[in-house]
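To keep things clear, I will list the structure first and then write my remarks on it.
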Amino acid sequence: MLQVMTHRNYLIKDADRNQFCFRSFVSQNLTADELVQEILNYNSTITEADARGIMSVLGTLVCRFVSRGYNVELPFGWMHTAAVGSCASLIESFQAGTGDNKIKVIFQLKDDTEKEIVDNAQFVQQGYDSVTDPKVLYLGIVQNDSSENTEDLTIVRGKTIRIHGRYLSFDSTDTRQGVFLGTSDDAVRIVECTRAGTNIIDAVIPADTPAGTYKIRVTTKPGVDRYKSDNLETEITVTE
């Protein structure tokens with residue numbers, strides 16, 4: 001179900017303009033296995049093997065022909081690739097994966113499909129109190145004199161990094177919540193936080209952290225069945 005929330009718009013400075021905006025998230029997933037079952041329920045003459053086979057072949061062929069530069073038509077839209085990026089001169093060639101030269105995959109819904117989805121969309125309005133998604137604003141390294149350095153984000157293991165933001169509070173007993181070194185699923189969770197407030201977290205870099213660069217991720221659980229994370233592109237450098 002689409003969950004619609006009311007959120008204060010902190011970018012609006014003009015008091016005469018609307019100070020709040022709507023944001024949303026989807027609280028349910030339909031997996032490939034569940035979709036197969038829905039296909040079987042929709043048409044009893046299709047076998048499960050047929051449904052899985054068609055989905056597998058469709059996935060393979062769509063990827064194959066989109067990769068070759070085709071604009072592939074699906075029952076509900078079109079898919080194709082596009083080149084984006086920049087260069088210094090007219091004689092430079094496009095090099096995918098170099099600098100900002102990238103290949104993107106574009107998907108466009110058909111007009112009638114989009115209209116049907118929008119016209120039949122179901123949603124639930126959530127209260128304002130549930131709108132507490134975490135937002136990391138900036139980082140600082142706590143110095144020996146308790147001052148804070150926000151310019152040089154190099155930190156020695158065992159020292160404290162300070163995270164500034166909004167809605168940063170988390171349940172320390174839930175291992176999926178907290179401060180993490182890295183943004184991937186196997187990111188290292190920082191266990192020791194000497195301060196863990198709504199707007200500021202002081203997290204101690206573990207003594208066994210390998211030297212290197214890391215992004216800092218904060219994960220909270222603002223809803224009953226959902227986790228939300230935020231991080232900056234800025235990286236810290238951990239040294240011995």
Side-chain angles (χ1 to χ4, degrees), residues 1-5 7 21-126 133-134 176 180 182-187 214-215 217 219 221-233 235:
M1 182 71 72
L2 182 67
Q3 312 284 329
V4 180
M5 307 171 296
H7 201 310
C21 57
F22 294 115
R23 294 289 183 267
S24 64
F25 69 95
V26 176
S27 60
Q28 296 168 292
N29 295 318
L30 182 67
T31 66
D33 287 339
E34 291 169 340
L35 182 57
V36 167
Q37 292 304 314
E38 291 296 327
I39 292 173
L40 300 181
N41 295 337
Y42 187 82
N43 189 330
S44 60
T45 64
I46 299 177
T47 68
E48 181 175 346
D50 289 339
R52 292 187 182 278
I54 289 296
M55 287 184 62
S56 176
V57 171
L58 181 65
T60 299
L61 292 181
V62 167
C63 289
R64 179 182 301 171
F65 283 97
V66 170
S67 298
R68 292 178 180 177
Y70 285 78
N71 190 21
V72 176
E73 181 180 11
L74 297 167
F76 39 80
W78 296 84
M79 186 180 296
H80 64 90
T81 52
V84 296
S86 61
C87 59
S89 68
L90 288 173
I91 62 173
E92 288 189 20
S93 299
F94 175 78
Q95 299 183 42
T98 302
D100 64 356
N101 290 199
K102 299 177 182 178
I103 297 292
K104 297 179 63 176
V105 178
I106 307 296
F107 180 79
Q108 169 115 29
L109 275 176
K110 292 181 177 178
D111 291 342
D112 56 346
T113 301
E114 183 173 7
K115 185 177 186 306
E116 182 177 354
I117 293 173
V118 171
D119 289 348
N120 295 283
Q122 301 178 24
F123 64 89
V124 173
Q125 178 75 49
Q126 298 284 350
D133 291 355
R176 293 181 61 184
F180 295 83
T183 57
S184 62
D185 292 338
D186 59 352
Y214 299 88
K215 291 180 182 177
R217 185 186 88 211
T219 299
K221 190 178 182 182
V224 176
D225 297 314
R226 69 188 184 104
Y227 290 84
K228 293 294 291 186
S229 300
D230 192 48
N231 65 270
L232 298 176
E233 289 303 309
E235 295 181 326

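Note that the structure is predicted; figures quoted are calculated from it, not measured. Values below: all heavy atoms of this structure, side chains included; hydrogens, waters and symmetry mates excluded.
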(request) Please step through side chain to side chain contact (heavy atoms under 4.5 Å, CB included) for the pair Phe76 and Lys110, ending with a clear verdict. (result) CA-CA 6 Å; Phe76 39 80; Lys110 292 181 177 178; 5.9 Å; no
(request) Can you establish whether the number of heavy atoms outside Glu73 located under 6.0 Å from its atom CD is more than 12? (result) yes
(request) Mind checking the CG-OG1 spacing from Asp230 to Thr183? Nearest 0.5 Å is all I need. (result) 11.5 Å
(message) How close do Thr113 and Pro75 get, counting heavy atoms only, and between which atoms?
(response) OG1-O, 4.2 Å
(message) Using every non-hydrogen atom in the two residues, find where Phe94 and Lys102 come nearest and quote the distance to one decimal.
(response) CZ-O, 3.5 Å
(request) State the CG-CD distance between Leu2 and Gln28, to the nearest 0.5 angstrom. (result) 10.5 Å
(request) Compare every heavy atom of Ser184 with every heavy atom of Arg217, then report the nearest pair and how far apart it is. (result) NH1-O, 3.1 Å
(message) Applying side chain to side chain contact (heavy atoms under 4.5 Å, CB included) to Phe180 and Asn231, what does each step give before you reach the verdict?
(response) CA-CA 10 Å; Phe180 295 83; Asn231 65 270; over 6 Å; no
(message) If you count every heavy atom of other residues, nucleotides or ligands that lies below 6.0 Å from Asp100 atom CG, does the total exceed 12?
(response) yes
(message) Using the rule given for side chain to side chain contact (heavy atoms under 4.5 Å, CB included), can you reason through Asp33 versus Arg52, listing the C-alpha separation, both sets of side-chain angles and the distance that settles it, and then say yes or no?
(response) CA-CA 8 Å; Asp33 287 339; Arg52 292 187 182 278; 2.8 Å; yes
(message) So which atom in Val66 and which in Thr81 form the shortest heavy-atom distance, rounded to 0.1 Å?
(response) O-CG2, 3.5 Å
(request) Taking atom CD1 of Ile54 as the centre, report whether more than 12 heavy atoms of other residues, nucleotides or ligands fall under 6.0 Å from it. (result) no
(message) Taking Val84's backbone N and O only, do any of them form a donor-acceptor pair with Asn101's side chain (distance below 3.5 Å, no angle check)?
(response) no
(message) Let me confirm one number: the CD-CZ distance from Gln125 to Phe22, rounded to the nearest 0.5 Å.
(response) 5.5 Å
(request) First locate atom CD of Glu38, then atom CG of Asn43, and finally report the distance between them rounded to the nearest 0.5 Å. (result) 13.0 Å
(request) Might you point out which heavy atoms bring Glu92 and Cys87 nearest each other, and give the distance in Å? (result) OE1-CB, 3.3 Å
(request) Measure the spacing between OH of Tyr214 and CD of Glu235 and express it to the nearest 0.5 Å. (result) 10.5 Å
(request) Of all the heavy-atom pairs spanning Ile39 and Ala51, show the shortest one and how long it is. (result) CG2-CB, 4.2 Å
(message) Does Phe123 have more than 12 heavy atoms from other residues, nucleotides or ligands lying within 6.0 Å of its CZ?
(response) no
(message) Can you tell me how far apart CG (Leu109) and CD (Glu116) are? Round to the nearest 0.5 Å.
(response) 11.0 Å
(request) Say whether, by atom type as modelled, one donor and one acceptor occur between the side chain of Arg176 and the main chain of Thr219 under 3.5 angstrom. (result) no
